[in-house]
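To start, the structure under review is shown below, and the notes come after it.
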Amino acid sequence: MTELALPPALIMVLGAFFIPAENGRGRKRLLLGLPLASLALVWLVPEGASLRLPFLGVDLNPVHATAEGRLFATIFAIMAFAGGLYALPRASRLELVAAYVYAGSAIGVTFAGDLITLFIFWELMAVGSTAVIIAADTEAARRAAFRYLLVHLLGGVLLMAGIIGHWVSSGSLAVEAMRPDSFGTVLILIGLLVNAGAPPVSAWIADAYPEASPSGSVFLSAFTTKTAVFALLVMFPGTEILIWVGLYMVFYGILYALLENDMRRILAYSIVNQVGFMVCAIGIGTELALNGAAAHAFAHIIYKALLLMSAGGVLLMTGKRKCTDLGGLFQTMPRTAVHGIIGALAISAFPFTSGFVTKSLETAAASHEGLLVVWLLLLAASAGVFLHAGIKFPWFVFFQEDSGLRPPEPPVEMRRAMALFSFLCIAIGLFPAPLYAILPHPVDYQPYTVEHVVSQLQLLLFAGFAFFVLLGQMKRTLTISLDFDWFYRRFLRELAGEFTVRTAAARQRLEDRAYARARRFVANLYAHHGPHGILARTWPTGSMVLWVALMLGCTLLLYVL
């Protein structure tokens with residue numbers, strides 16, 4: 001028996017529009033209260049609850065409570081709370097409204113019981129996230145937002161076409177497990193992978209996220225790619241192609257992050273890398289692997305937001321974002337540095353942090369299934385993560401060569417948000433049982449074994465040793481790495497320009513021909529009907545009678561025949 005329930009997403013989406021009307025404490029209460037109210041409703045919705053609405057001959061199911069949906073909605077609400085706290089000192093009204101619509105829509109996706117509802121919230125997320133980027137109010141942000149929107153409109157079109165195709169072929173609109181064995185389901189899979197940052201459109205993450213404001217980047221890191229992970233986990237578990245797509249994303253993110261000079265672009269490429277782990281685990285498809293993908297997504301949102309909060313604090317207080325302009329900031333920003341280090345350790349799966357107890361579920365799943373190549377590649381990727389996010393980011397920003405900058409710590413609200421997520425990174429690492437208890441499937445796994453702790457420490461020690469041995473090659477440089485976004489930044493723009501020039505020339509030729517024909521037509525018309533034309537002359541009466549008689553004779557002849 002199902003029970004009627006209210007959509008948890010509505011609290012955030014509708015409440016967002018009341019934010020501009022409040023100031024001071026009223027706005028603070030609203031920013032912190034809306035996510036908490038949504039979180040409470042997420043857990044008050046009974047298991048199996050539903051809300052069905054008729055729409056154009058179909059029944060929509062905007063509330064469908066599942067274990068996966070509740071887990072992702074929980075971390076989305078927590079993220080919105082911490083993001084709102086972090087954004088309090090500086091964020092504009094547009095950014096706050098857009099960010100809360102964005103976060104609420106992500107919660108809506110996790111509770112969607114039908115594909116139409118999922119698509120509506122999916123596209124609302126695209127609108128909200130685009131507005132978050134635009135809210136930075138810079139020319140670079142506006143350009144990045146336009147490119148970002150184009151990518152997500154493409155993904156939305158593919159997703160909608162796939163939903164229609166799947167509906168026609170199967171008659172079902174339910175959000176459920178499916179196989180990519182029809183044209184419709186293949187399009188759905190591709191549409192989801194676009195939002196996950198899968199190849200060949202992975203570059204939109206590093207192109208757009210770093211151009212948002214410090215608080216905007218924190219919001220952007222949490223929702224778009226993780227809702228894609230949620231949708232893939234629910235609809236395409238065990239799809240083998242996802243293993244190799246995920247591995248590509250893992251090493252793509254590592255390579256470009258190691259080459260990058262911009263601290264926020266380093267962390268943006270790291271998002272692609274981390275989502276690759278989750279996509280690979282979804283492709284493996286066992287209960288342990290799916291638990292690993294879900295747990296990793298939960299922990300990733302926390303430590304990735306923490307890293308971007310740390311980077312955002314540096315950007316806010318120094319106005320600089322390139323590693324070549326930074327260094328030695330631990331002297332006047334020790335708290336920000338400590339929080340950044342905790343996030344770096346968590347993303348590197350250091351023992352007693354959240355990454356250690358969540359990522360290991362994924363590698364253990366590959367090992368249990370006998371996927372030796374996948375297991376070895378995931379282990380190698382874990383070392384790569386420590387190289388770019390675990391060491392490179394904190395080393396070049398807070399330590400190494402002194403830049404001479406002496407900025408103060410960021411505002412207290414930003415420090416409190418970082419402290420909250422630092423606490424969660426450590427608390428989940430020390431006590432993983434509460435997180436394991438809300439995973440989609442029963443968990444029979446113990447992360448703290450001597451073998452696992454020692455092997456992980458050995459791996460991280462080797463990666464750290466390699467970093468300092470190769471420090472000369474990894475030294476900060478003023479280089480720019482070309483990515484696939486070059487094609488739609490330059491190549492496609494040039495192609496569009498060439499197309500415009502050629503079509504303009506063809507249009508001009510057509511217009512010239514049409515104009516010439518029109519001139520000839522007017523000239524002929526004037527020749528016959530003008531003042532001196534043959535049809536405008538004065539004819540004798542007798543000739544007119546003759547012509548009338550001939551016409552009557554022809555008419556009679558035709559009548560007789």
Do L118 and L159 have side-chain heavy atoms sitting under 4.5 Å apart?
-> yes
R179 backbone acceptor or donor facing T185 side chain under 3.5 Å | yes
Between A208 and Y148, the two heavy atoms sitting closest are CB-CD1, 3.7 Å
Under 3.5 Å donor-acceptor, Y445 side chain and Y436 backbone = no
Once you round to the nearest 0.5 Å, how far does CG of L371 lie from CD of E240?
-> 8.5 Å
R264 and S217: side-chain donor and acceptor closer than 3.5 Å?
-> yes
Quick one: do the S270 and N273 side chains pair a donor with an acceptor below 3.5 Å?
-> no
Please name the pair of heavy atoms, one in I116 and one in M160, separated by the smallest distance, quoted to 0.1 Å.
-> CD1-CE, 4.0 Å
For residues I302 and I428, determine if any side-chain heavy atom of one lies less than 4.5 Å from a side-chain heavy atom of the other.
-> yes
May I ask you to decide if H452's main-chain N or O and T449's side chain share a donor-acceptor pair within less than 3.5 Å?
-> yes
Has Q446 got more than 12 heavy atoms of other residues, nucleotides or ligands less than 6.0 Å from its CD?
-> yes
Can you tell me how far the CG atom of L30 sits from the CG atom of L96, to the nearest 0.5 Å?
-> 10.0 Å
T74 and W43: side-chain donor and acceptor closer than 3.5 Å?
-> yes
Is the backbone N or O of K28 less than 3.5 Å from a side-chain atom of E22, with the two atoms forming a donor-acceptor pair by type?
-> no
Mind checking whether L316 and P411 have side chains closer than 4.5 Å, heavy atoms only?
-> yes
Minimum heavy-atom distance between L459 and S382, given as atom pair plus value | CD2-CB, 3.7 Å
Heavy-atom pair of closest approach, residues S105 and M125 = CB-CG, 3.4 Å
May I have the step-by-step check of side chain to side chain contact (heavy atoms under 4.5 Å, CB included) for Y209 and L308, ending in yes or no?
-> CA-CA 10 Å; Y209 287 8; L308 283 165; over 6 Å; no
Taking the side chain from K304 and the backbone from L267, do they hold a donor-acceptor pair closer than 3.5 Å?
-> yes
Main-chain N/O of F350 paired with S348 side-chain donor or acceptor, under 3.5 Å = no
Value for CD (E287) from CG (L439), rounded to nearest 0.5 Å, stands at 11.5 Å
Just by modelled atom types, is the P410 backbone N or O under 3.5 Å from a matching donor or acceptor in the R415 side chain?
-> yes
Those residues at least two apart in sequence (or on a different chain) that pass ring pair (Phe, Tyr, Trp, His ring centres under 6.0 Å) with F352 are Y448
pair L247-I243: side-chain heavy atoms closer than 4.5 Å = yes
Do you see a donor-acceptor pair shorter than 3.5 Å between the side chains of S360 and T363?
-> no
For the residue pair W204 and T224, establish whether any side-chain heavy-atom pair is separated by less than 4.5 Å.
-> yes
Which atom pairs, one a donor and one an acceptor, fall under 3.5 Å between side chains of residues 78-86 and the rest of the protein, sequence neighbours left out?
| residue | atom | partner | partner atom | Å |
| --- | --- | --- | --- | --- |
| Y86 | OH | M309 | O | 2.7 |
| Y86 | OH | G313 | N | 3.2 |

When rounded to the nearest 0.5 angstrom, what is the spacing between CG in L345 and CG in L306?
-> 10.5 Å
Do the non-hydrogen side-chain atoms of I266 and Y256 ever get within less than 4.5 Å of each other?
-> no
For side chain to side chain contact (heavy atoms under 4.5 Å, CB included), just list the numbers for V127 and Y102, CA-CA rounded to whole Å, side-chain angles, deciding distance to a tenth of an Å, and then say yes or no.
-> CA-CA 8 Å; V127 174; Y102 179 33; over 6 Å; no
Does the T227 side chain pair with the main chain of F223, one donor and one acceptor, at a distance under 3.5 Å?
-> yes
For residues 274-285, please give each side-chain donor-acceptor pair under 3.5 Å, one per line with the distance, not counting sequence neighbours.
| residue | atom | partner | partner atom | Å |
| --- | --- | --- | --- | --- |
| Q274 | OE1 | H296 | NE2 | 2.9 |
| Q274 | OE1 | Y303 | OH | 2.6 |
| Q274 | OE1 | K359 | NZ | 3.4 |

Distance from F230 atom CZ to I75 atom CD1, nearest 0.5 Å?
-> 14.5 Å
Determine whether more than 12 heavy atoms belonging to other residues, nucleotides or ligands lie under 6.0 Å from atom CZ of R90.
-> no
Could you walk me through whether L31 and R27 pass the side chain to side chain contact (heavy atoms under 4.5 Å, CB included) check?
-> CA-CA 6 Å; L31 288 175; R27 179 178 295 182; 3.9 Å; yes
Supply the atom-to-atom distance R29 CZ to L34 CG, rounded to the nearest 0.5 angstrom.
-> 13.5 Å
For atom CD of E176, decide whether the heavy atoms of other residues, nucleotides or ligands shown that lie under 6.0 angstrom number more than 12.
-> yes
Considering non-hydrogen atoms only, spot the tightest contact between L361 and A295 and give its length.
-> CD1-CB, 3.9 Å
Would you please test L288 and H368 for side chain to side chain contact (heavy atoms under 4.5 Å, CB included) and show each step?
-> CA-CA 9 Å; L288 181 59; H368 289 177; 3.4 Å; yes
Taking everything shown except D444 itself, do over 12 heavy atoms lie less than 6.0 Å from its CG?
-> no
Donor-acceptor under 3.5 Å (T239 side chain, I241 main chain) = no
Pairwise side-chain contact, H64 with N61, heavy-atom cut-off 4.5 Å (strictly under) | yes
For the residue pair T286 and E369, confirm or rule out a side-chain donor-acceptor distance under 3.5 Å.
-> no
Does D114 use its side chain to pair, donor to acceptor, with the backbone of L173 at less than 3.5 Å?
-> no
Side-chain heavy-atom pair F76, M12 within 4.5 angstrom cut-off | no
Exercise: do Y248 and S202 side chains pair donor with acceptor under 3.5 Å = no
Could you tell me which non-hydrogen atom of M178 sits nearest to which non-hydrogen atom of I188, and how far apart they are?
-> SD-CD1, 4.2 Å
